[in-house]
Amino acid sequence: MNQELSLHNSLSRQKEVFKPLKPGFVGMYVCGPTVYSDVHLGNCRTFVSFDIIYRYLLHLGYTVRYVRNITDVGHLLDDGEDRMSKGARANQLEPMEVAQKYTNGFHDMMRIFNTLSPSIEPRATGHIPEQIEMVQAILDNGYAYESNGSVYFDTLKFAQEKGIYGDLSGRKIEELIAESRDNLKNQDEKRHPADFAIWMKAAPEHLMHWNSPWSVGFPGWHLECSAMSRKYLGEHFDIHGGGNDLKFPHHENEIAQNVGSCNCAGAGYWLHTNMLLMNGRKMSKSDGNTISPEELFTGDSVHVSKGYSPMAVRFFMLQSHYRSTLDLTDEGLLAAEKGYKRLLEGFHVLLDLTGATGQATDALDQEINQLIDGAFAEMNDDFNTPKALARLFELVSRINSLKGGQLPLTAVSPATLERLQTTFRVFIFDILGLLDEDAAGASGNNQALEGVMQLVLDMRQTARANKDWGTSDKIRDALNAAGIVVKDGKEGVSWGLA
RNA sequence: GGUCACGUGGCCGAGCGGUUAGGCAAAGGUCUGCAAAACCUUGUACAGCGGUUCGAAUCCGCUCGUGACCUCCA
């Protein structure tokens with residue numbers, strides 16, 4: 001359990017042992033959503049992935065400052081119009097009203113998926129001065145030039161002098177020269193196609209704009225993350241994360257801006273999550289290959305046969321590694337839903353286990369401890385949730401066997417049983433961030449149902465004792481029809497929601 | 001076109017040179033009044049063709065296929 005944490009660093013393209021800059025503390029920046037439309041599932045997968053990473057770092061005992069921004073400035077469209085203001089005009093709303101609406105929706109969805117809130121959630125529009133300062137610093141260092149009120153990053157000069165441009169995304173400046181398309185707006189203002197705007201002069205009708213030394217305008221595409229990560233995490237910090245599709249140009253340019261402004265590289269470890277696919281293609285809001293979280297929950301979509309609960313979906317995501325693509329399919333979701341229930345049911349059974357009287361030297365006792373250690377070891381290996389889950393499921397088999405009598409509790413020590421119970425609780429709820437959906441529905445405000453079920457099952461037991469199979473089966477079938485499953489065990493009857 | 005990934009048993013999905021991944025589904029068995037649940041057993045998979053190696057799903061090459069990035073995108 002005291003193993004080191006290793007993680008895959010996109011910069012080196014290999015696993016590295018994680019060493020925080022300051023022992024005990026971790027600074028992590030994750031690129032957040034652009035709030036000009038509803039979140040979609042792909043976003044959710046990424047943020048669930050980083051939620052696991054955040055939770056596991058906390059579990060390891062780190063004090064983590066988790067910064068995840070809200071992009072409410074918007075980015076340039078091909079026609080040069082700011083996305084935020086475009087949405088505003090279409091809906092006759094203030095730009096900030098649009099941003100707020102979708103920010104709220106994003107927060108609601110993050111809550112539904114049971115992700116922890118970041119420590120700081122800075123907004124791009126709230127950090128215009130910091131961004132202007134960074135533009136100025138880059139200009140002062142000679143890595144940007146002003147052109148017609150806009151300021152562009154001098155990518156070619158930066159690449160030649162620093163020699164690091166392209167390190168993250170594996171690109172070469174020569175290739176950029178050859179491949180860059182020339183259909184960008186203000187192309188003529190740029191010295192080189194690979195140059196990118198860090199300050200844009202606003203067109204007169206542009207709604208979102210601010211004063212700056214160069215023009216009334218707005219910050220460039222990639223600047224906010226550089227400015228805000230530095231403000232809250234410093235010139236050097238530990239982890240920077242985001243979706244794979246942000247690697248280039250967004251993250252590459254972020255690094256360039258960091259180095260270009262203060263000669264500091266920003267994050268030491270770059271983590272990238274892979275894409276959520278549907279029908280084998282990237283899920284994307286721009287090309288319509290998408291299913292909204294709501295549609296997935298309600299089943300109101302041609303892509304699914306039924307609705308899936310948020311935790312079933314979260315579990316589905318945890319069954320693959322964050323660096324692998326994950327193909328959303330109805331069959332996959334169905335399997336995940338059952339697996340999730342099996343895991344939670346195993347936890348419930350485990351809580352009721354008592355009477356462990358074995359020794360730590362018993363083979364079963366040792367096996368259980370090894371599986372527990374294994375689950376943590378898998379998490380330490382680049383947050384391998386699918387493998388950790390595999391160990392947990394092997395433990396579920398042991399747990400059920402202990403309950404059913406196929407394995408003896410006399411071969412498990414009290415300490416190990418307690419460790420197992422603690423581990424399951426910690427793993428399922430704290431690390432994997434799952435919620436007990438059954439418990440939420442069956443207990444708490446549902447004391448009445450508990451009482452009724454107790455009565456009904458008592459009556460059924462009486463009937464069974466009298467070999468009145470007609471009555472007992474009628475009760476069972478009626479409960480089944482009502483969505484309640486009766487489970488006859490060796491030591492009594494239990495029930496659960498189907 | 002350039003760059004980079006990936007192609008695993010019925011489905012999903014781990015795997016990073018030698019050992020059972022795991023989940024779902026399926027078959028047989030145990031348990032049960034009958035079921036359900038649970039437990040046990042079973043599948044001998046790694047796109048194709050070569051190569052390296054005592055040994056390859058795992059390394060190398062080629063072929064085919066799919067995808068991502070190169071343009072806003074998690």
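We name chains A, B, ... by the order of the sequence lines, and we start the count at 1 in each one.
- Between A:Glu378 atom CD and B:A21 atom P there is a gap of 14 Å when expressed in whole angstrom units.
- Residue A:Arg171 places none of its side-chain N or O atoms closer than 4.0 Å to OP1 or OP2 of B:U3.
- Protein atom CG of A:Leu392 is 20 Å distant from nucleotide atom P of B:G13, rounded to whole Å.
- Atom CD in A:Glu331 sits about 10 Å away from atom C1' in B:C24, given to the nearest Å.
- Using a 3.5 Å distance cut-off with no hydrogens or angles, the side chains of A:Glu295 and A:Ser301 do not pair a donor with an acceptor.
- In this structure, A:Gly404 reaches neither bases nor backbone, as no heavy-atom distance under 4.0 Å exists between it and the strands shown.
- Counting atom types as modelled, A:Asp488 pairs a side-chain N or O with a base atom of B:A35 as donor and acceptor under 3.5 Å.
- For the pair A:Asn9 (side chain) and A:Leu11 (backbone), a donor-acceptor distance under 3.5 Å is present.
- In this model, the phosphate group of B:G23 is not approached by any side-chain N or O of A:Lys341 to a distance below 4.0 Å at OP1 or OP2.
- Nearest nucleotide to the side chain of A:Pro386, out of B:G67, B:A21, B:G23: B:A21.
- For B:C73, its base sits under 3.5 Å from the side chain of A:Lys282 at one donor and acceptor pair at least.
- Relative orientation of the A:His251 and A:His272 rings is tilted, given thresholds of 30° and 60° on the angle between their planes.
- Distance NE2 (A:His321) to P (B:G13): 14 Å, rounded to an integer number of Å.
- In this model, the phosphate group of B:A25 is approached by a side-chain N or O of A:Lys338 to a distance below 4.0 Å at OP1 or OP2.
- For the pair A:Asp352 CG and B:A37 P, the computed distance is 20 Å after rounding to whole Å.
- Taking side-chain N and O atoms only, A:Arg342 has a distance below 4.0 Å to OP1 or OP2 of B:C39.
- Contact annotation: side chain of A:Arg476 to base of B:A36, donor-acceptor pair absent below 3.5 Å.
- Here A:Ser169 does not reach the OP1 or OP2 of B:C4: none of its side-chain N or O atoms lies under 4.0 Å away.
- Within the shown strands, B:A5 is the pairing partner of B:U66 under the Watson-Crick or G-U definition, both distances less than 3.5 Å.
- One can place CG of A:Leu246 at 6 Å from C1' of B:A74, the figure rounded to the nearest angstrom.
- Put simply, the side chain of A:Ser472 and the base of B:G33 share a donor and an acceptor less than 3.5 Å apart.
- Side-chain contact check for A:Tyr36 and A:Asp72: no donor-acceptor pair (N or O, by modelled atom type) lies under 3.5 Å.
- Among the nucleotides B:A21, B:C73, B:U32, the one closest to the side chain of A:Thr34 is B:C73.
- Distance CG (A:Asp477) to P (B:A35): 14 Å, rounded to an integer number of Å.
- Among residues at least two apart or in separate chains, salt bridge (Lys or Arg N to Asp or Glu O under 4.0 Å) pairs with a member in residues 307-332 of chain A are A:Asp51-A:Arg314, A:Arg323-A:Asp382.
- Stacking of A:Trp469 onto the six-membered ring of B:G33 is present: less than 5.5 angstrom between centres, less than 30° between planes.
- No hydrogens or angles were tested; on distance alone, a donor-acceptor pair under 3.5 Å links the side chain of A:Asp473 to the base of B:G33.
- The 5' end of RNA chain B is approached more closely, in terms of each residue's nearest nucleotide, by A:Arg464 than by the other of A:Arg281 and A:Arg464.
- Phosphate proximity of B:A37 to A:Ser494: absent, as no side-chain N or O sits under 4.0 Å from OP1 or OP2.
- With a 3.5 Å ceiling on both atom-pair distances, the Watson-Crick or G-U wobble partner of B:C59 is B:G51.
- Applying the 4.0 Å criterion to OP1 and OP2 of B:C39, one finds that A:Asn400 has a side-chain N or O inside that range.
- Here B:C4 presents its C1' atom at 14 Å from CZ of A:Arg323, a figure rounded to the nearest Å.
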